[in-house]
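Some notes on the structure that comes next.
One is the number of the first residue; the rest follow in order along the sequence. What you see below is based on every heavy atom in this structure, not just the backbone, and it leaves out hydrogens, waters and symmetry mates.
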Amino acid sequence: MAQSDLLYPENPRRRQEVNRLHQQLLDCLSDSFYATNKLTEVLNMHLGCRLDAIEMKRDGTIKENCDIIIQAMTKIQKELQKVDEALKDKLEPTLYRKLQDIKERENEKIALVQKVISVILGEATSAASAVAVKLVGSNVTTGIINKLVTVLTQIGASLLGSIGVAVLGLGIDMIFRAILGAVEKTQLEAAIKSYEKHLVEFKSASEKYHHAITEVTNTVKRQMK
């Protein structure tokens, strides 16, 4: 037992909690990298985009990795905006509004986009139309992606941002020293509260993002059968 633990007997338990929360943060980051790469793959394959896959920077900080995802999402949003503007230009106003209407049936939206997608992309495939409907005619871009970007920005700007990703696998004591450099009870409690606060939002945003991308890929698979 460390000498400081005699003064703060709850510190070992708090260290364990810090370690657990760090691992959850790393899991959420990994999920976001994975989902973003899946989305990139779909956009490149079906909408003719030329987006690069991203990779977690293992020797970087949490902020650096958040920034990698944010930059990739910004590029994705720009590509989707191009498709949205093209659809708005090619479709009659009433038909474009139907595309944005969440009450309209998805199959009807896909059929609608199918009529003009060849003009936009140079070819017409039901899979491409489905991707456009799922990503442009929904709240994936305006809602889910924007929310995740906001959460990642907040995490990067918090005390978590400066922590190196690599220390997450080096054991509790190493994490403890890397994060705080001290053992006072108040600092550990403050760290735990900060992690918990950000993780609640990050988990929610990450899960919605992952679910949305899974829906897109599943829809594409159905259209290609």
Worksheet item: Going through the distances and angles, do Asn218 and Glu215 end up as a side chain to side chain contact (heavy atoms under 4.5 Å, CB included)?
Response: CA-CA 5 Å; Asn218 288 342; Glu215 276 197 6; 5.8 Å; no

Fill in: salt bridge (Lys or Arg N to Asp or Glu O under 4.0 Å) contacts in which one or both residues fall within residues 100-121, not counting sequence neighbours
Glu106-Lys134

Item to complete: Would you check if Leu39 and Leu135 make a side-chain contact, meaning some heavy-atom pair closer than 4.5 Å?
Response: yes

Discussion item. I'd like to check Glu41 versus Leu51 (side-chain heavy atoms, cut-off strictly below 4.5 Å). Are they in contact?
Written reply: no

Worksheet item: Looking at side-chain heavy atoms only, is the closest gap between Leu80 and Leu43 below 4.5 Å?
Response: yes

Discussion item. Let's go through Gln100 and Val136 carefully: what are the C-alpha distance in whole Å and the side-chain angles of both, what is the deciding distance for side chain to side chain contact (heavy atoms under 4.5 Å, CB included) to 0.1 Å, and is it a yes or a no?
Written reply: CA-CA 8 Å; Gln100 302 295 324; Val136 177; 4.3 Å; yes

Worksheet item: Under the salt bridge (Lys or Arg N to Asp or Glu O under 4.0 Å) rule, what pairs show up with a residue in residues 18-35, not counting sequence neighbours?
Response: Glu17-Arg20

Practice prompt. Working to the nearest 0.5 Å, report the span between NZ of Lys82 and SG of Cys49.
Written response: 8.0 Å

Worksheet item: How far apart are the closest heavy atoms of Ala128 and His46, and which atoms are they?
Response: CB-O, 3.3 Å

Worksheet item: Is there a side-chain contact between Ile70 and Asp67 (heavy atoms, below 4.5 Å)?
Response: yes

Worksheet item: Got a second to check how far Leu95's CG is from Arg97's CZ, nearest 0.5 Å?
Response: 9.0 Å

Discussion item. With heavy-atom distances below 4.5 Å as the criterion, would you say the side chains of Leu121 and Val83 are in contact?
Written reply: no

Worksheet entry | Spatial distance of atom CE (Met73) from atom CG (Leu148) [nearest 0.5 Å] | 4.0 Å

Response to the item:
When every non-hydrogen atom of Cys66 is compared with those of Ile155, the smallest separation belongs to SG-CG2, 4.1 Å

Discussion item. Working to the nearest 0.5 angstrom, can you tell me the gap between Ile62 CD1 and Leu25 CG?
Written reply: 4.5 Å

Worksheet item: Counting N and O atoms only, with roles assigned by atom type, does the side chain of Ser118 sit under 3.5 Å from a partner on the main chain of Gln114, one being a donor and the other an acceptor?
Response: no

Item to complete: Mind listing the closest non-hydrogen atom pair of Asn65 and Met56 along with its distance?
Response: OD1-CG, 3.2 Å

Worksheet entry | Atom of Ile110, atom of Ser126 and distance for their closest heavy-atom approach | CG2-O, 4.2 Å

Worksheet item: Can you find a heavy atom in the side chain of Glu79 that is under 4.5 Å from one in the side chain of Leu47?
Response: no

Discussion item. Among residues at least two apart in sequence or on other chains, which ones pass ring pair (Phe, Tyr, Trp, His ring centres under 6.0 Å) with His210?
Written reply: Tyr34

Fill in: Partners meeting side chain to side chain donor-acceptor pair (under 3.5 Å) with Thr219 (sequence neighbours left out)
Arg222

Fill in: For Ala53 against Asn37, the heavy-atom pair lying closest together
CA-OD1, 3.3 Å

Worksheet item: Shortest non-hydrogen contact from Val42 to Val220?
Response: CG1-CG2, 4.4 Å

Item to complete: Indicate yes or no: at least one non-hydrogen side-chain atom of Thr40 is less than 4.5 angstrom from one of Asp52.
Response: no

Which pairs would a plain distance check flag for residues 201-209, meaning a side-chain donor or acceptor within less than 3.5 Å of a matching protein atom at least two apart in sequence or in another chain?
unit_1, atom_1, unit_2, atom_2, d
Lys203, NZ, Gln24, OE1, 2.7
Tyr209, OH, Thr36, OG1, 2.8

Quiz: residues 84-92 side-chain donor-acceptor pairs under 3.5 angstrom, not counting sequence neighbours:
unit_1, atom_1, unit_2, atom_2, d
Asp84, OD1, Tyr96, OH, 2.6
Asp84, OD2, Tyr96, OH, 3.3
Glu85, OE2, Gln81, NE2, 3.4

Discussion item. Rounded to the nearest 0.5 Å, what separates atom NZ in Lys147 from atom CG in Leu152?
Written reply: 11.0 Å

Discussion item. Lys193 vs Glu196, test: salt bridge (charged side-chain N to carboxylate O under 4.0 Å, His left out). Steps then yes/no.
Written reply: CA-CA 5 Å; Lys193 288 178 181 178; Glu196 288 175 339; over 6 Å; no

Worksheet item: Does the side chain of Lys38 come within less than 4.5 Å of Val216's, by heavy atoms?
Response: no

